[in-house]
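Note that ligands are numbered from 1 as they come in the structure, with each ligand's atoms numbered from 1 the same way.
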Amino acid sequence: MFEEFILVEQSLKLSGEVNLSGAKNAALVIMSSILLTEGKSILKNIPFSQDVFNMAKLLEGLGAEIKFDFENKEVEIDTSKVAKFKANPEIMKKMRASILVMGPLLARFGRAEIAMPGGCVLGLRPINFHLTNFKKMGVVFIQENDFLTATVEKLISRRIILEYPSVGATENIMMAAVLAEGKTTIINAALEPEVLDLISILKKMGAKINILAPATIEIEGVNFLNPVKHEIMCDRLEAGSIILAAAVTGGQVYIPNGDASVLDVFLLKLEEMGHTIKAEKDGKGIHFVATESPKAVSFKTAQYPCFPTDLQAPMMVAQCLAEGVSEIEETVFENRLLHVKELQKMGAKIEVEGTKAIITGVKELQGTKVNASDIRASCALVLAGLAAKGSTTITGVHHFKRGYDELDQKLESLGAKIVINDNEIIRKSSNNKQVEL
Ligand code: UD1
């Protein structure tokens, strides 16, 4: 059988200007939140990645009508005819974010039927915080094999304490609570920028939500919510990836719609490496210039505003090529160092001790055949390919397509040579020369 792959050629210094797409992680939950309303809503700045198309299919399976406007990067979601509550198990297995339809379905219809969700292989990734707290809100679950049926007559608003600030659990519980009578308080809530974008659209719909210190979200339930128009925030993780592509090739990039204020710790670490970063007014508009001699820096991932776990793998590539020894600790997911083995094949010097990677910088990486095991690993391997001698062939292409909206083409516009051969499309490099496959 034909195996899809991405072919990346060693790149000269990437340089130029590039705009970001909408944030995939915000888009997925926001699309799901539209189930809370009855009627037509419009989402602008929608990223066209496979996970977004999968979420659209999931909503269609429930009875929603979806129209994408590819030219204007918009999607119209009409929820007037939603009358089914069973989420497509095939899609649920592909994408963990499918669990996010549960809160809105319970809030609007009192019923949701879901298969246990899948997604990237990042460890156990249980959904216990979602389920335990829905139970506390009065939801009854019946499990049959891998299928869960959740029902509730009337959601009970209450004080919910998360032992860990899970992004998905915070979003799901909040989407249930906006239509529950009375006040729900989520203590130790996740406050990632994507969660704030969800709060912003829920408020436009008519929800009553306040953020209180420390890390608390207070929701006063309302009787109904209205359809809305909303522009999805730009993808901070895509911004980080593009900046790192410039960093590992010694180049420079300007991102007019990038927001430095949602990347603080990440940018701080790049500055410590010796790179130069300047933001325009209010943090919007990011200018990045790579240093010729990057220094190794250590960091650990944690919930926002700490270093984002989704940029750990791409940042590791920069450490592989920096001078000195760095230590990276992954604290969010217990199995998020699978890219290490692939980077080692490319000549990286990395030792793993539990959830820590200890990296000794090398002068150069070598292109070879590697496999991407999750969305962010796929991006890391593309970046490694840009810096590595010769060509790099990356399998596991579906992960790249799940997470990014034409990131390959954005990098090509900065001078990279990347070909995605996915049996449907053979993309050409920007200089219009067909790359030999
Ligand atoms: C979201 C993001 C993902 C990002 C992650 C952390 C989306 C679609 N995905 O994933 O890109 O890497 O936040 O910023 O927005 N956990 C439990 N029980 C639960 C839920 C989570 O133990 O019920 C654990 C997870 O296994 C993980 C940690 O909590 O170790 C963080 O997970 P969570 O914040 O929920 O991540 P997601 O919402 O799945």
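The residues Glu3 and Lys369 are annotated as salt-bridged, a charged nitrogen and a carboxylate oxygen being separated by less than 4.0 angstrom. A salt bridge between Lys183 and Glu220 is absent, with no side-chain N of the basic residue lying under 4.0 Å from a carboxylate O of the acidic one. Electrostatic pairing of Glu342 and Lys345 counts as a salt bridge here, judged by a charged N lying under 4.0 Å from a carboxylate O. Ion pair Lys269/Glu272 flagged as a salt bridge, since at least one NZ, NE, NH1 or NH2 atom sits closer than 4.0 Å to an Asp/Glu carboxylate oxygen. A salt bridge links Glu238 to Lys410: one of the charged nitrogens lies within less than 4.0 Å of a carboxylate oxygen.
Heavy atoms of Tyr304 found under 4.0 angstrom from ligand 1: none, in either backbone or side chain. Under 4.0 Å from ligand 1, not a single heavy atom of Asp51 appears. Only the side chain of Arg96 comes within 4.0 Å of ligand 1, counting heavy atoms alone; its backbone N, CA, C and O stay farther away. At a heavy-atom distance under 4.0 Å, only side-chain atoms of Arg336, from C-beta outward, approach ligand 1. Only the side chain of Thr309 comes within 4.0 Å of ligand 1, counting heavy atoms alone; its backbone N, CA, C and O stay farther away.
When only interatomic distances are considered, the shortest N/O to N/O separation between Lys24 and ligand 1 does not fall below 3.5 Å. Considering backbone and side-chain N/O of Val167, one or more are found under 3.5 Å from N/O of ligand 1. Residue Glu334 places no N or O, backbone or side chain, under 3.5 Å from any N or O of ligand 1. For Ala97, no nitrogen or oxygen atom sits less than 3.5 Å from a nitrogen or oxygen atom of ligand 1, counting backbone and side chain alike. Ligand 1 has a nitrogen or oxygen under 3.5 angstrom from a nitrogen or oxygen of Gly168.
Not a single donor-acceptor pair under 3.5 Å links the side chain of Thr185 to the backbone N or O of Glu218.
Within the structure, salt bridge (charged side-chain N to carboxylate O under 4.0 Å, His left out) pairs that include any residue of residues 187-210 comprise Glu194-Arg236 (at least two apart or interchain).
Close approach of ligand 1 to His130 is summarised as follows: ligand atoms under 4.0 Å from at least one heavy atom of the residue are 23 (O). Of all the atoms in ligand 1, the ones that sit under 4.0 Å from a non-hydrogen atom of Ile127 are 19 (C), 23 (O). Residue Asn128 has at least one heavy-atom neighbour below 4.0 Å for each of these atoms of ligand 1: 17 (C), 18 (N), 19 (C), 22 (O), 23 (O). Interface of Val332 with ligand 1, defined as ligand atoms under 4.0 Å from a residue heavy atom, comprises 27 (C), 28 (C), 30 (O), 31 (C). Of all atoms in ligand 1, listed by their number and element, those nearer than 4.0 Å to a heavy atom of Tyr164 are 28 (C), 29 (O), 31 (C).
At least one cation-pi condition fails for Lys278 and Tyr254: the charged atom is not both under 6.0 angstrom from the six-membered ring centre and inside a 45 degree cone around its axis.
Note: Phe53 and Phe68 meet the aromatic proximity criterion, with ring centroids under 6.0 Å apart.
Under the ring-ring contact (aromatic ring centres under 6.0 Å, His included) criterion, Phe85 pairs with Phe109, sequence neighbours left out.
Heavy-atom distances between Pro126 and ligand 1 reach below 4.0 Å in at least one pair.
Side-chain N/O atoms of Ser80 and Asp78 include a donor and acceptor closer than 3.5 Å.
Considering Leu198, Leu311, Leu162, Asp310 only, the shortest heavy-atom separation from atom 11 (O) of ligand 1 involves Asp310.
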